[in-house]
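What follows is a set of notes on a single structure, which appears directly below.
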Amino acid sequence: GHLKTLLHCLREKSECIYICYPGVLIAVFLGLPYFRDRHEVIYLDAFISLYDTVVNDRSLLVSSSLLARALYWLERKAFVSANLVIVDTPENAQYLSELYDIEHDKFFAIPLSTPPLQVENIVHHNVSKGPLRCLFLGTFVPLQGISVIVEASRLMVDDADIEFVFIGEGQDAEKLHDYLEGSQPTNIKWYRGHFPTDFLVRQIMEADICLGIFGGGSKAQRVLPYKIYYYLALGKPIITASSQTTDRIAADCDNRGELTPMLMVRANDAGALAATIAQLSHNRSQLSILGSAAREYYNRALSKRIIKQRLVEMLAKEFSDKLSVN
């Protein structure tokens, strides 16, 4: 798909071009002098930094290695070539500006777009009368803090009122696998692998509490994971680690007199996570309040309506004379 896009861009001239993630190589090519003159405005959807993910977050490359330095150069070249670089949070915009020494105005934050989830008429299901169902789903990458959730489940292994459901597979999956093999706990269910969206949505709707990320790395400070968009859109109670992004959301809600849509605990603190789950287990009426706050925040700050507003603001930077406010 990227090759077809590149060939089309090399043949045609355009007033405006959008390069989807991960389009670093396309942006580098189109930034070369001859090709750059053929496209008046280039928008590059960076989403997340490839260099930051591979080197800093997942430690797959050492920063001093030739490959890491080449990736850094390519990504910076791509960002410089674009008129505007789209990211998912203001924190990522600030970080990339500093990492690549590029003016902050070049980065523009737009929330991620969730697929249609039929969320307009959600009716919150009754909280389970049996064990409190705590759901984690993800790709098991380091920033998600799998070991923290595993340790929290170990601390609560004798609490018959709590159960954990894990869905996914990835780099840190062996941490859960080793615990299950060694201890054989009865309070954990693991759907290992990759599953279609309708299965994930059904599991979210059946959960009482949805778990976010709990790693303490720098990347965890700047992201709002895609799964949390789902949790918010579906009106579910959420526990996640405190970060720059969640603290900004909490401050925004506080300034508006709104309830914060997530409960935050210290990163890398299994005891704090276990204590928060236990507190909710003993006060289950709070869950519906948290779920409503989650849904309300999604509608106000992350919905399709908000994404459209941000897109219009982005386009207005270059094409304000051609845009209709409607």
Side-chain angles (χ1 to χ4, degrees), residues 20-23 45-50 52-54 57-58 85-93 95-96 108-119 122 134-146 148-149 165-173 191 193-207 209-215 217-246 248-249 261-264 267 291 294-295 297-308 310-311:
C20 67
Y21 171 85
D45 194 338
F47 177 36
I48 56 174
S49 164
L50 296 176
D52 182 47
T53 299
V54 172
D57 179 41
R58 303 192 188 183
V85 180
I86 303 168
V87 294
D88 59 335
T89 67
E91 291 74 27
N92 263 332
Y95 172 76
L96 293 178
F108 196 83
I110 301 178
L112 303 178
S113 176
T114 52
L117 297 173
Q118 303 300 319
V119 296
I122 286 178
C134 301
L135 172 70
F136 171 84
L137 61 87
T139 53
F140 286 65
V141 294
L143 73 83
Q144 295 177 352
I146 299 302
V148 176
I149 307 173
V165 177
F166 291 82
I167 302 175
E169 170 70 283
Q171 183 176 344
D172 284 351
Y191 297 97
H194 303 281
F195 299 90
T197 299
D198 59 347
F199 174 82
L200 300 180
V201 170
R202 186 166 64 252
Q203 292 296 319
I204 293 170
M205 292 304 296
E206 291 176 357
I209 297 173
C210 292
L211 303 177
I213 61 174
F214 300 92
S218 62
K219 185 177 177 182
Q221 291 292 314
R222 308 184 306 271
V223 299
L224 188 66
Y226 198 36
K227 62 185 173 185
I228 289 187
Y229 282 73
Y230 275 70
Y231 300 161
L232 293 166
L234 294 168
K236 303 303 296 184
I238 301 165
I239 305 174
T240 193
S242 176
S243 68
Q244 293 174 15
T245 299
T246 59
R248 168 179 54 81
I249 290 172
M262 296 170 276
L263 289 180
M264 275 87 82
R295 177 68 181 149
Y297 179 77
Y298 177 85
N299 285 334
R300 178 175 68 77
L302 302 175
S303 64
K304 295 288 194 295
R305 176 179 59 84
I306 301 304
I307 293 172
K308 179 179 178 181
R310 292 294 288 163
L311 285 170

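Every heavy atom of this structure was used, including side-chain atoms; hydrogens, water molecules and symmetry mates were not. These numbers come from a predicted model, not from an experiment. One is the number of the first residue; the rest follow in order along the sequence.
Here the side chain of Lys236 pairs no donor or acceptor atom with the backbone of Ile209 at under 3.5 angstrom. Side-chain atoms of Arg305 come within 3.5 Å of backbone N or O of Asn299 as a donor-acceptor pair. No donor-acceptor pair closer than 3.5 Å links the side chain of Thr240 to the backbone N or O of Met264.
Here the closest non-hydrogen pair linking Leu302 and Pro111 is CD2-CB, 3.8 Å. Here the closest heavy-atom approach between residue Gly215 and residue Ala220 is recorded as O-CB, 3.5 Å. Between Ser113 and Ile307, the shortest heavy-atom contact is CA-CD1, 3.7 Å.
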Under the side-chain contact (heavy atoms from CB on, under 4.5 Å) rule, what do Ile249 and Tyr297 come out as? Steps first, then yes or no, please. CA-CA 9 Å; Ile249 290 172; Tyr297 179 77; 3.3 Å; yes
Starting from the C-alpha separation in whole Å, work towards a yes-or-no answer on side-chain contact (heavy atoms from CB on, under 4.5 Å) for Glu169 and Thr139. CA-CA 5 Å; Glu169 170 70 283; Thr139 53; over 6 Å; no
Applying side-chain contact (heavy atoms from CB on, under 4.5 Å), run through Ile167 and Leu135 and close with a yes or a no. CA-CA 8 Å; Ile167 302 175; Leu135 172 70; 3.7 Å; yes
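Proximity of Arg222 to Tyr95: side-chain heavy atoms (C-beta onward) are separated by under 4.5 Å at one or more points. Between Asp88 and Leu224, the closest side-chain pair of non-hydrogen atoms is not below 4.5 Å. The shortest side-chain heavy-atom distance between Val87 and Ile110 does not fall under the 4.5 Å cut-off. Gln203 places a side-chain heavy atom less than 4.5 Å from the side chain of Glu206. Counting heavy atoms from C-beta on, the side chains of Asp52 and Lys219 come closer than 4.5 Å. In this structure the side chain of Leu50 reaches within 4.5 angstrom of the side chain of Tyr21, judged on heavy atoms. In this structure, Arg58 and Thr53 have side chains that are in contact, with non-hydrogen atoms separated by less than 4.5 Å. Taking the side chain as every heavy atom from C-beta outward, Cys134 and Val165 never approach each other to under 4.5 Å.
Taking OG1 from Thr89 and CZ from Arg248, the interatomic distance works out to 6.5 Å, rounded to the nearest 0.5 Å. Summarising the geometry, atom CG belonging to Leu200 is positioned 13.5 Å from atom CE belonging to Met205; distances are rounded to the nearest 0.5 Å. Put simply, CD on Gln144 and CD on Gln171 are 10.0 Å apart, with the number rounded to the nearest 0.5 Å.
For the residue pair Glu91 and Thr245, a side-chain donor N or O sits within less than 3.5 Å of a side-chain acceptor on the partner. For Tyr298 and Thr114, the side-chain atoms include at least one donor-acceptor pair closer than 3.5 Å.
For the pairing with Tyr191, the ring-ring contact (aromatic ring centres under 6.0 Å, His included) check across Phe136, Phe166, Phe199 returns one residue only, Phe199.
Applying the side chain to side chain contact (heavy atoms under 4.5 Å, CB included) rule to Asp172 yields the partners Pro142, Ile146, Lys175; only residues at least two apart in sequence or on another chain are considered.
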Side-chain donor-acceptor pairs under 3.5 Å in residues 227-235, sequence neighbours left out?
{"residue": "Lys227", "atom": "NZ", "partner": "Leu137", "partner atom": "O", "Å": "3.0"}
{"residue": "Lys227", "atom": "NZ", "partner": "Gly212", "partner atom": "O", "Å": "3.2"}
{"residue": "Tyr229", "atom": "OH", "partner": "Leu112", "partner atom": "N", "Å": "3.1"}
{"residue": "Tyr231", "atom": "OH", "partner": "Leu211", "partner atom": "O", "Å": "3.3"}

